[in-house]
2 protein chains.
Amino acid sequence: MHKQDVTIYDVAREAKVSMATVSRVVNGNSNVRKETRERVMEVIKRLHYQPNAVAQGLASKRTTTVGLVVPDLTNLYFAELSKGIDDIAHLYKYNIIITSIENQLVNENQTIQSLLNKQVDGVIYMSNDLSDSTIEAFDRTNTPVVLAGTVDSRGKYPSVTIDYDEATLDVFGQLYQDGKHHLAWVVGDTESSVNRDHRIKAYREFCQEKGMEPHIYGHKTNYHDGYELYADLAKDGIDGVVVTRDLVACGILNAALDAGKSVPDDFEIITASATPMAQVARPSLTCVKQPLYDMGAVAMRLLTKLMNNEDIDEQEIKLPYELMRKATTLNK
Amino acid sequence: MHKQDVTIYDVAREAKVSMATVSRVVNGNSNVRKETRERVMEVIKRLHYQPNAVAQGLASKRTTTVGLVVPDLTNLYFAELSKGIDDIAHLYKYNIIITSIENQLVNENQTIQSLLNKQVDGVIYMSNDLSDSTIEAFDRTNTPVVLAGTVDSRGKYPSVTIDYDEATLDVFGQLYQDGKHHLAWVVGDTESSVNRDHRIKAYREFCQEKGMEPHIYGHKTNYHDGYELYADLAKDGIDGVVVTRDLVACGILNAALDAGKSVPDDFEIITASATPMAQVARPSLTCVKQPLYDMGAVAMRLLTKLMNNEDIDEQEIKLPYELMRKATTLNK
DNA sequence: AGAAAAAGTGCAAACGCTCGCAAAAATAGC
DNA sequence: GCTATTTTTGCGAGCGTTTGCACTTTTTCT
């Protein structure tokens, strides 16, 4: 609003040094005599001086701010990822500008451009499918980008994920081994590259190998979608499903129970991304436990390196996941 | 990193106008001749000019950024609030810097000061209990603050909530009416002002009036806390609980069921803040449905007014809630 | 003690934009 | 056609920092 009350200039005058010296003290530059530093610090404290980060950003071209691009904050999957990111960001003194993309009110390019205009030092992208124009915008500004919990088919940016192919084979293998041979994938976005290029693809190959017909139910994103989908699954004779979102899995589970089906004896369910929701459902959901917090943390750490122009050793980091056998599958 | 490639100056030169005129075009100032505007816009597009928001912020003293202070991103309660905030923020072209406070690694004052140093135009505070020093920092920088889903005992800042006193009486009234007379409050933070000054206080008065002994179980924040608490509740002869967090409520519910208790016949549960989790649990949880999205949206709208120095009519906005009678309480 | 090296400090030009003011151009009024 | 208005433009001084460079002061080494 109005002019800042106390600036670096005031501190300089009061401490009888130049602005440059105050700046050095503020930034912890070691080339300052101890007595000078103490004098300046005393004045800073006395005057309640706080550096203006905007001016710092303009002068230094670094804002110590990173952008987070996320489809939906209220999805625990992204919330957990974000928490890992946030903790590491704090550690390295970065602030986080969060931008949710699902918001149809504005278009993605515009939103990301506005993020870039804020001169963020880096971006962690958790949404699906970078558009070409978004990539151009990143290129133009030379902003480092890391993908967390998602991949891009171009392989242009480093990513932190789990091995989706392996996880897919694991879960369907489990169902198959349990004697369920009419399996289905229930996914949210069929066009995201994680789903299209990994989960669905690996599933199709698995089906082919086992001589089963693949069943894919797309665009299921909330509890009710799941609840209502169950009727279709029953009609199609499905006896085992893997579900990308556990909220949807809960819907299916409850619908199956309400329909008098016996889970896991007649019908098995596995969710491919466990959140606390999975442990709440009864019977508790067998799930792939992705190390979401760690994925976020690793992604952020990676980004700090990129922002410092350090070398990174791996471009595609895959963290270990855990298949937690709970009560919606038979005990092995 | 390096110098910005194309600046307002380049556009000005190319379009044969002054920087001032380009600035006017960029900011939609109407005092520009149509032909001039078009010429400038053409150059902007051709050169891929994007205004540097940091420089704009320094020059104009407005960053079009607001700070969000939140205890925990992975708590759906805050996530839903944030979504409401985010949508309205987008609408008004504000970006959001999110700061989670629970993070014990750094202290709250420092975190908030760093937010303020970024020159945010306003803050939405969703955590509990502003500290005096935090308030001083807000005052010093003259930053408007709105509370969402929380209150401050000083009543210094506008807030958007539901009527916690009324909601408390509602839920305990319901349990009492159902014939449950050994009631308990299971809360997270017993010292937050919402809990201390409203929920617990109203509950104590209710107990006094009905001649019941109040039971308060504090510091219960996750599923396991809830699950394990059940044993104590049973021992203490409790036959009806209200729980602030539904994740905890789910823990209690499942423990009760596992213990062979009949819900709701012998034991009733109500959760005081419903999230999608409540509908997943079986039997589905009776809950107070707070209009979280709307609370966030209203809070953000309020903040935009404050940031524009507009008058606001109400200091404490209370939105209507709904008591949803589901399956963990007797049908009326 | 004197020279060389190292450490500490100041100067002032950026950084990219906004905005009050004054000047110029366009329009209106008669 | 000539003023009086109104609309468009340009000028340039900030906004609050950082940082390369040059200049002092202090320390180190013979």
Side-chain angles (χ1 to χ4, degrees), chain A residues 1-41 43-44 47-65 114 116-119 121 141, chain B residues 1-41 43-44 47-65 114 116-121 141-142:
Chain A
M1 290 299 152
H2 55 12
K3 249 172 89 158
Q4 188 164 323
D5 42 351
V6 25
T7 73
I8 201 172
Y9 181 77
D10 299 313
V11 177
R13 183 165 30 71
E14 197 78 4
K16 301 194 196 313
V17 295
S18 69
M19 282 164 33
T21 299
V22 178
S23 173
R24 291 190 188 97
V25 171
V26 167
N27 293 296
N29 185 314
S30 61
N31 280 4
V32 181
R33 195 150 44 111
K34 195 171 168 227
E35 304 141 47
T36 313
R37 175 190 312 283
E38 281 165 358
R39 185 152 38 93
V40 171
M41 299 239 275
V43 175
I44 286 178
L47 263 43
H48 288 295
Y49 168 72
Q50 291 290 341
N52 180 324
V54 174
Q56 289 181 313
L58 183 59
S60 69
K61 329 237 99 234
R62 311 185 78 244
T63 55
T64 58
T65 304
S114 122
L116 260 18
N117 291 350
K118 295 258 155 117
Q119 310 294 111
D121 296 334
T141 53
Chain B
M1 291 295 152
H2 54 11
K3 247 172 90 160
Q4 186 165 326
D5 43 351
V6 25
T7 72
I8 199 171
Y9 181 76
D10 300 312
V11 176
R13 183 164 30 70
E14 197 77 4
K16 301 193 194 316
V17 295
S18 69
M19 283 165 28
T21 299
V22 179
S23 173
R24 289 189 189 100
V25 171
V26 168
N27 293 296
N29 185 315
S30 61
N31 279 3
V32 180
R33 196 151 43 116
K34 195 172 169 221
E35 304 141 47
T36 313
R37 174 189 313 282
E38 282 165 357
R39 183 152 39 93
V40 171
M41 299 237 276
V43 175
I44 286 179
L47 264 42
H48 287 295
Y49 168 72
Q50 291 289 342
N52 180 323
V54 174
Q56 288 180 313
L58 183 59
S60 69
K61 329 240 99 228
R62 312 187 79 245
T63 55
T64 58
T65 303
S114 121
L116 259 18
N117 290 351
K118 296 258 154 120
Q119 311 293 111
V120 291
D121 297 335
T141 54
N142 223 314

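Computed from a predicted model, the values in this text were never measured in an experiment. Just so it is clear, the values below take in all heavy atoms, side chains as well, and ignore hydrogens, waters and symmetry mates. Below, chain A is the first sequence line, B the second, and so on; all start at residue 1.
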Closest listed nucleotide, where the reference is the side chain of B:Arg24 and the choices are C:dC17, D:dT17, D:dG10:
D:dG10
Quick one: does A:Thr7's side chain get under 4.5 Å of A:Asp10's, heavy atoms only?
yes
With a non-hydrogen cut-off below 4.0 angstrom, is B:Val26 in contact with a base, only sugar-phosphate, or nothing?
nothing
Rounded distance (Å) that lies between atom P of C:dG16 and atom CD1 of B:Ile8
11 Å
Consider the side chain of B:Ala59, meaning its heavy atoms from C-beta on, and name the nucleotide among D:dG14, C:dC21, C:dG10 that approaches it most closely.
D:dG14
Quick one: does A:Ile8's side chain get under 4.5 Å of A:Pro51's, heavy atoms only?
no
Less than 4.5 Å apart, side chain to side chain, heavy atoms only: is that true for B:Gln56 and B:Asn27?
yes
A:Ser23 vs D:dT18: side-chain N/O to OP1/OP2 distance below 4.0 Å:
yes
Compare side-chain N and O positions of A:Thr36 against OP1 and OP2 of C:dT9 and report whether any pair is under 4.0 Å apart.
yes
Using atom NZ of A:Lys34 as one end and atom P of D:dT27 as the other, report the distance to the nearest whole Å.
14 Å
Using a heavy-atom cut-off of 4.0 Å across all strands, would you classify A:Val54 as base, sugar-phosphate, or nothing?
nothing
For the side chain of B:Ala20, starting at C-beta, report the closest nucleotide among C:dC17, D:dT17, D:dG12.
D:dG12
Is A:Lys61 close enough to D:dT19 that one of its side-chain N or O atoms is under 4.0 Å from OP1 or OP2 there?
no
How is B:Glu35 classified with respect to the nucleic acid when contacts are heavy atoms under 4.0 Å: base, sugar-phosphate, or nothing?
nothing
What is the distance, to the nearest angstrom, from the CE atom on B:Met19 to the P atom on D:dC15?
16 Å
At under 4.0 Å, does any side-chain N or O of B:Arg33 touch on OP1 or OP2 of D:dT9?
yes
Could you tell me how far apart A:Leu58 (CG) and C:dT18 (P) are, to the nearest whole angstrom?
12 Å
Check whether any side-chain nitrogen or oxygen of B:Ser18 sits under 4.0 Å from OP1 or OP2 of D:dG10, and answer yes or no.
yes
note: B:Lys16, atom NZ; D:dC11, atom C1'; distance rounded to Å ~ 19 Å
Tell me the interatomic distance from B:Tyr9, atom OH, to C:dC15, atom P, rounded to whole angstroms.
12 Å
Is it true that a side-chain atom of B:Arg39 and a backbone atom of B:Ala15 form a donor plus acceptor pair closer than 3.5 Å?
yes
OP1, OP2 of C:dG10 versus side-chain N and O of A:Thr21: anything below 4.0 Å?
yes
Consider only side-chain N and O atoms of A:Lys118 and B:Thr64, and report whether a donor and an acceptor are under 3.5 Å apart.
yes
Send over the distance from B:Glu38 CD to D:dT8 C1', rounded to a whole Å.
15 Å
In whole Å, I'd like the distance from the CD atom of B:Gln50 to the P atom of C:dC17.
10 Å
side-chain N/O A:Asn27 vs D:dT18 OP1/OP2, d < 4.0 Å:
yes
Take B:Ala55 and B:Val32, find for each the nucleotide of DNA chain D with the closest heavy atom, and name the residue whose nucleotide sits nearer the 5' end.
B:Val32
Let's see if you can work this out: which of C:dG16, D:dT8, C:dA12 has an atom nearest to the side-chain heavy atoms of B:Asn31?
D:dT8
NZ of A:Lys16 to OG1 of A:Thr21, rounded to nearest 0.5 Å, is 14.0 Å
